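Being a predicted model, the structure only gives us computed values, none of them experimental. Below, each value reflects all heavy atoms present in this structure, side chains not excepted, and no hydrogens, waters or symmetry copies. Letters A, B, ... mirror the listed sequences (proteins, then strands); counts begin at 1.
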There are 2 protein chains.
Amino acid sequence: MAPPNRLLLIDDHRLFNDGLKSLLDAQPDLTVCGQVFTATDALSAVHRFHPQLVLLDINLQGTNGIDLGIQLIRQFTGLRVILLTMYNQPKLLEEARRAGLQGYLLKEATTDQLLTGIRTVLSGGTFFKLDDPESSPMNDPFNDDFARRLNLTFREVEIIRLICQGLSSEQIAEQLNLSIETIKTHRKNIYFKLNISKVADLIQFAIKQGL
Amino acid sequence: MAPPNRLLLIDDHRLFNDGLKSLLDAQPDLTVCGQVFTATDALSAVHRFHPQLVLLDINLQGTNGIDLGIQLIRQFTGLRVILLTMYNQPKLLEEARRAGLQGYLLKEATTDQLLTGIRTVLSGGTFFKLDDPESSPMNDPFNDDFARRLNLTFREVEIIRLICQGLSSEQIAEQLNLSIETIKTHRKNIYFKLNISKVADLIQFAIKQGL
DNA sequence: GAGGCAATACCACTTTTGTGGTATTTTGAA
DNA sequence: TTCAAAATACCACAAAAGTGGTATTGCCTC
């Protein structure tokens, strides 16, 4: 039987790392040869453990996963790198792809997705996957509960989303084929319901709801 | 010897849950009697396992940890509830405290903090703890790397922070004892460096940096 | 000591937000 | 079918934010 593939975890979130390690070690074809918690330890760990694949978080002390990933694949030929992050952001995924990394996976991914991604990359492919809002309503930041708690209407939630994307009232009006005045009215009502008074507050609020 | 305290984990983030479970089960005085991944399963699980303590995430399908926590302590007298969340937000902590929950811990907390918090609450106390930026620079969203990559100055990072907290230019000027004009100048320079043009963009940006 | 950068500050002007009204139409539930 | 909520829309005015300049000071480095 072929020896299991060696994986290295680089993530300062220890508990998550531990959970991931037990999942991976339970697979006969995979073994976690080490975990490190800081970027500074990463290079020496790759030297020491010579893994086939590195799973890399984006948030690291002193640097970030993408830069570190670039450095790793440049320095260790054949080494493959998957970004493993909580950020469900197309732009970050694209950045990772452009940087030449082999994968982008969400920490919230299902076990199946994680394993599929890892095996795909190990066998020479790439695997880039964001969260599909259709298939996992629980990751929808503006879920029913959020709206219900605050008595927000459907339209209001829709407009909150667009504001949070950085659109101006004018752009929102354009996109929804409405008058700017209508958007301003909705904005007023939203601010009243949330008891806030500025875009900044709104976005802060949206973050807290789990965007 | 006293039987170990029974804990129930409620969190849809399975990997994190698994990691936490192995940590807790390794403690002689603690045992994880069950883990559930949705709020709907929570009530029946508490019935089945009658834990002393519930560790509860904020983001749950169909509801949120605070509401569920309120419901749990109302329904099961003596049951203690700790919110375990990724949100390092004073307002959420306060909400949890007002709601009568017994603790608020960050998923990024150290193992020590987690165990201390759990034991404190089990022995009848409360434990509310946010991240201390002084003691854990790695959780600082605007770390060196962020500033370096974008050529932001110290002052600029400081002002980004305040903008993201929802302060107006005037309020920032007041707080830093500067002229509004100075703040506006900094704002201009920040927007130029980040290639953006609105507060909303800035906050979006800050989120991506790991706020 | 010359040059560059960071931090401060001001002016003038435009655009966008935010506030406080009012009013009409659509729609769904009782 | 009637009633209330939701969605639409307008007006006017105040307050911020954003844009495009310029300018001074202090500090560090070459």
Provide the start and end nucleotides, 5' to 3', of the part of DNA chain D that has atoms under 4.0 Å from heavy atoms of chain B. D/dA16 to D/dG21
Which comes earlier along DNA chain C counting from the 5' end, the contact point of B/Ile159 or that of A/Lys184, where each point is its nearest nucleotide? B/Ile159
For C/dT8, does OP1 or OP2 lie under 4.0 Å from any side-chain N or O of B/His186? yes
side-chain contact (heavy atoms from CB on, under 4.5 Å) partner of A/Pro51, the single match among A/Leu9, A/Asn5, A/Val46: A/Val46
Using a 6.0 Å cut-off, check whether atom CD of B/Gln75 has over 12 heavy atoms from anything other than its own residue. yes
Under 4.0 Å between any heavy atoms, over every strand shown, what does B/Lys188 touch: base, sugar-phosphate, or nothing? Just pick one. base
Please tell me which of the listed nucleotides, C/dT19, C/dT16, C/dA12, lies nearest to the side chain of A/Ser168? C/dT16
With a non-hydrogen cut-off below 4.0 angstrom, is A/Ser169 in contact with a base, only sugar-phosphate, or nothing? sugar-phosphate
Categorize B/Glu156 for me: base, sugar-phosphate, or nothing, with a 4.0 angstrom heavy-atom threshold over every strand shown. nothing
Can you tell which of A/Leu53, A/Val54, A/Ile82 makes a side-chain contact (heavy atoms from CB on, under 4.5 Å) with A/Leu7? A/Leu53
Under 4.0 Å, counting only non-hydrogen atoms across every strand here, what does B/Leu178 touch: a base, just sugar-phosphate, or nothing? sugar-phosphate
Between A/Tyr191 and C/dT19, does any side-chain N or O lie under 4.0 Å from OP1 or OP2? no
I'd like to know if A/Glu158 pairs up with A/Arg161 as an ion pair, taking the criterion as any Lys NZ or Arg NE/NH1/NH2 lying under 4.0 Å from an Asp or Glu carboxylate oxygen. no
